Amino acid sequence: MKLKLLSLLLVPLLASCSDLVLPLDCSDIFTKDTSRPSGVYVIYPIGATSAVQVFCDMDSLQRKWTVFQRRMDGSVNFYRNWAEYKRGFGNAAGEFWLGLENLFHLTQRKSYELLVDMEDFEGNKAHARYSSFSIGPESDGYRLKVSGFTDGGAGDSLTYHSEQKFVTFDLPQGNCARSYQGAFWYKTCHYANPNGAYLWGAHSNFRAVGVDWFHWKGYEYSLKAISMKLSPVQ
C-alpha cells in the first residue's frame with residue numbers, strides 16, 4: 001500500500017519535472033508534442049537565460065530541423081560584422097541568422113547532421129545533406145567541421161570549407177568577406193556564399209558575390225532561397 005501511494009505521488013511530480021525541461025532544439029519541441037507543425041518556436045541553446053526564436057522545419061526528409069540560416073527575399077542585410085554574426089540577427093519567420101555562439105553550443109550538446117535546402121527563381125529546388133556538422137568555440141574562430149555529403153541535386157559546395165574559421169568583413173583576415181559581400185567559413189575564397197548579396201537570379205557584373213552554391217548554379221546566379229538546418233544524428 002505504501003509503495004502504491006508513493007508511486008501515485010511521484011507520477012505527477014515526474015510529469016511536472018518533464019515539463020520544466022527546456023528544449024535545446026526543434027527535435028525536442030516535437031518530441032514533447034508530436035502535433036507541432038513547422039513554424040517559429042523558442043529554444044534554449046545555452047541554458048535558461050538563452051531563449052531565442054528559430055524556425056522549425058518539421059517536414060523535410062521525415063526529420064525535425066532547427067533552421068540556423070535562411071535567405072528568401074532579400075529583406076535582411078547579411079553584410080554584417082563579427083559581433084552581429086556572433087549574436088544573431090533577422091526574424092525567425094523570415095530571413096535569419098541564429099548566431100555563432102548559439103550554434104556552437106548546440107553542436108557541442110548533440111551530434112547533428114546538416115541539410116542545405118535551396119531554390120532558384122524558376123522554381124527548381126535542390127538540397128545537399130551532410131551526416132556530420134559542428135563548429136568550434138570563438139577562441140578558434142568558430143571553426144567549421146562538416147563531412148558525409150549526400151547529393152540531393154545541388155552538388156557538394158561545402159566540404160571545401162571544412163576546417164575553416166568564420167570570416168566577416170571587419171576582421172584583419174576579412175578579404176574574402178569584403179570581396180564577396182558576405183560572411184562565411186571562407187577558404188580562398190568560396191564554393192558557397194549563402195550570406196552573400198541578394199542579387200535576384202542571373203547576373204554577370206558581380207561574379208561570385210551573390211547567394212551562391214557553385215556546384216548547382218555556378219558563380220553568376222544568385223539563389224532565390226537557401227536555408228541551413230540541423231537535426232540530431234539518429
Side-chain angles (χ1 to χ4, degrees), residues 54-55 67-92 94-104 107 114-121 126-128 130 133 135-136 138 140-146 154-230:
V54 295
F55 188 87
V67 177
F68 70 86
Q69 184 269 4
R70 185 161 68 162
R71 311 293 298 278
M72 56 195 298
D73 55 18
S75 60
V76 172
N77 175 22
F78 273 65
Y79 191 50
R80 297 185 182 233
N81 64 28
W82 180 264
E84 290 174 292
Y85 268 95
K86 176 183 177 179
R87 182 176 61 249
F89 56 85
N91 184 333
E95 296 203 324
F96 173 73
W97 175 261
L98 175 62
L100 289 162
E101 190 66 12
N102 287 321
L103 190 57
F104 163 66
T107 62
L114 170 72
L115 178 64
V116 186
D117 277 328
M118 57 199 85
E119 181 181 1
D120 66 19
F121 280 90
H127 72 263
Y130 299 84
F133 175 94
I135 67 170
E138 184 179 18
D140 193 34
Y142 296 115
R143 189 184 300 273
L144 172 67
K145 293 183 182 296
V146 62
D156 181 10
S157 292
L158 191 59
T159 300
Y160 170 81
H161 295 270
S162 190
E163 300 300 332
Q164 303 308 303
K165 296 180 180 182
F166 200 85
V167 177
T168 56
F169 69 80
D170 58 323
L171 298 183
Q173 66 273 31
N175 288 340
C176 288
R178 291 188 288 271
S179 295
Y180 297 105
Q181 296 294 293
F184 202 57
W185 293 278
Y186 291 118
K187 195 171 181 179
T188 55
C189 275
H190 74 77
Y191 282 131
N193 197 33
N195 299 327
Y198 199 86
L199 297 179
W200 303 90
H203 57 87
S204 57
N205 294 328
F206 306 100
R207 188 176 186 272
V209 170
V211 182
D212 296 337
W213 191 267
F214 174 79
H215 289 91
W216 189 37
K217 292 290 180 178
Y219 285 135
E220 296 183 346
Y221 191 101
S222 184
L223 299 173
K224 176 184 179 182
I226 189 166
S227 60
M228 305 178 75
K229 56 193 80 171
L230 302 176

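Computed from a predicted structure; not experimentally measured.
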Task: side chain to side chain contact (heavy atoms under 4.5 Å, CB included) evaluation trace for Lys165 with Arg143 - done: CA-CA 4 Å; Lys165 296 180 180 182; Arg143 189 184 300 273; 3.0 Å; yes
Quick check for you: to the nearest 0.5 Å, what is the distance between [X] atom [atom1] and [Y] atom [atom2]?
{"X": "Trp97", "Y": "Phe78", "atom1": "CH2", "atom2": "CZ", "value": "8.0 Å"}
{"X": "Asp212", "Y": "Met118", "atom1": "CG", "atom2": "CE", "value": "11.0 Å"}
{"X": "Gln69", "Y": "Asn195", "atom1": "CD", "atom2": "CG", "value": "5.0 Å"}
{"X": "Ile135", "Y": "Glu101", "atom1": "CD1", "atom2": "CD", "value": "8.0 Å"}

- [ ] Scan residues 168-214 for pairs that pass disulfide bond (SG atoms under 2.5 Å apart), counting only residues two or more places apart or in two chains.
- [x]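 Listed by first then second residue: Cys176-Cys189.
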So which atom in [X] and which in [Y] form the shortest heavy-atom distance, rounded to 0.1 Å?
{"X": "Ala128", "Y": "Ala154", "value": "N-CB, 4.2 Å"}
{"X": "Ser162", "Y": "Val146", "value": "OG-N, 3.2 Å"}
{"X": "Asn77", "Y": "Phe89", "value": "O-CE1, 3.9 Å"}
{"X": "Phe169", "Y": "Arg178", "value": "O-NH1, 2.6 Å"}
{"X": "Ser157", "Y": "Ala192", "value": "O-CB, 3.5 Å"}
{"X": "Ile226", "Y": "Val211", "value": "CG2-CG1, 3.7 Å"}

Considering only heavy atoms from C-beta outward, does the side chain of [X] approach that of [Y] to under 4.5 Å?
{"X": "Leu98", "Y": "Phe55", "result": "no"}
{"X": "Leu158", "Y": "Tyr191", "result": "no"}
{"X": "Val54", "Y": "Phe96", "result": "yes"}
{"X": "Phe133", "Y": "Leu144", "result": "yes"}

Task: Ring geometry between Phe184 and His161 (parallel below 30°, tilted from 30 to 60°, perpendicular above 60°) - done: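 Perpendicular, since the angle between the ring planes exceeds 60°.
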Task: ring pair (Phe, Tyr, Trp, His ring centres under 6.0 Å), paired with His190, selected from Tyr180, Trp185, Phe214 - done: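 Exactly one candidate clears the test, Tyr180.
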Task: Set of residues satisfying salt bridge (charged side-chain N to carboxylate O under 4.0 Å, His left out) with respect to Glu119, sequence neighbours excluded - done: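 Applying salt bridge (charged side-chain N to carboxylate O under 4.0 Å, His left out) to Glu119 gives none.
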Task: Contacts of Asp120 that satisfy salt bridge (charged side-chain N to carboxylate O under 4.0 Å, His left out) - sequence neighbours left out - done: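 Result, salt bridge (charged side-chain N to carboxylate O under 4.0 Å, His left out) vs Asp120: Lys217.
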Open item on the list: For the backbone of Ala197 and the side chain of Gln181, can you confirm whether one donor and one acceptor N or O come within less than 3.5 Å of each other?
Closed with: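 No; judged by distance alone, with no hydrogens or angles, the pair does not exist.
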Open item on the list: Would the distance check show the side chain of Trp213 and the main-chain N or O of His127 forming a donor-acceptor pair, the cut-off being under 3.5 Å?
Closed with: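 No; judged by distance alone, with no hydrogens or angles, the pair does not exist.
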Task: Worked check of side chain to side chain contact (heavy atoms under 4.5 Å, CB included) between Leu223 and Arg71 - done: CA-CA 9 Å; Leu223 299 173; Arg71 311 293 298 278; over 6 Å; no
- [ ] Answer with yes or no whether the side chains of Tyr186 and Asn193 bring together a donor and an acceptor at under 3.5 Å.
- [x]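 Yes, because at least one side-chain N or O of Asn193 sits under 3.5 Å from a partner of the opposite role on Tyr186.
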Task: Residue pairs involving residues 73-90 (criterion salt bridge (charged side-chain N to carboxylate O under 4.0 Å, His left out); sequence neighbours excluded) - done: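 Found Arg80-Glu84, Lys86-Glu138.
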Open item on the list: Tell me every residue that passes side chain to side chain contact (heavy atoms under 4.5 Å, CB included) with Thr168, counting only those two or more places apart in sequence or in another chain.
Closed with: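 Testing Thr168 for side chain to side chain contact (heavy atoms under 4.5 Å, CB included), a comparison that skips the adjacent residues, returns Trp82, Tyr85, Phe166, Asp170, Leu171, Ala183.
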Open item on the list: Test: side-chain hydrogen bond (donor to acceptor under 3.5 Å, both in side chains). Region: residues 218-229. Which pairs qualify, not counting sequence neighbours?
Closed with: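 Matches after skipping sequence neighbours: Asp57-Lys229, Asp117-Lys229, Glu122-Tyr221, Ser227-Lys229.
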TODO: Take Thr159 and Tyr130 through the side chain to side chain contact (heavy atoms under 4.5 Å, CB included) test and state the conclusion after the steps.
DONE: CA-CA 9 Å; Thr159 300; Tyr130 299 84; 3.6 Å; yes
Open item on the list: Is the distance from the ring center of Tyr198 to that of Trp200 below 6.0 Å?
Closed with: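 So the answer is yes for these two rings.
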Task: Worked verdict on Glu163 versus Lys145 for side chain to side chain contact (heavy atoms under 4.5 Å, CB included) - done: CA-CA 5 Å; Glu163 300 300 332; Lys145 293 183 182 296; 3.1 Å; yes
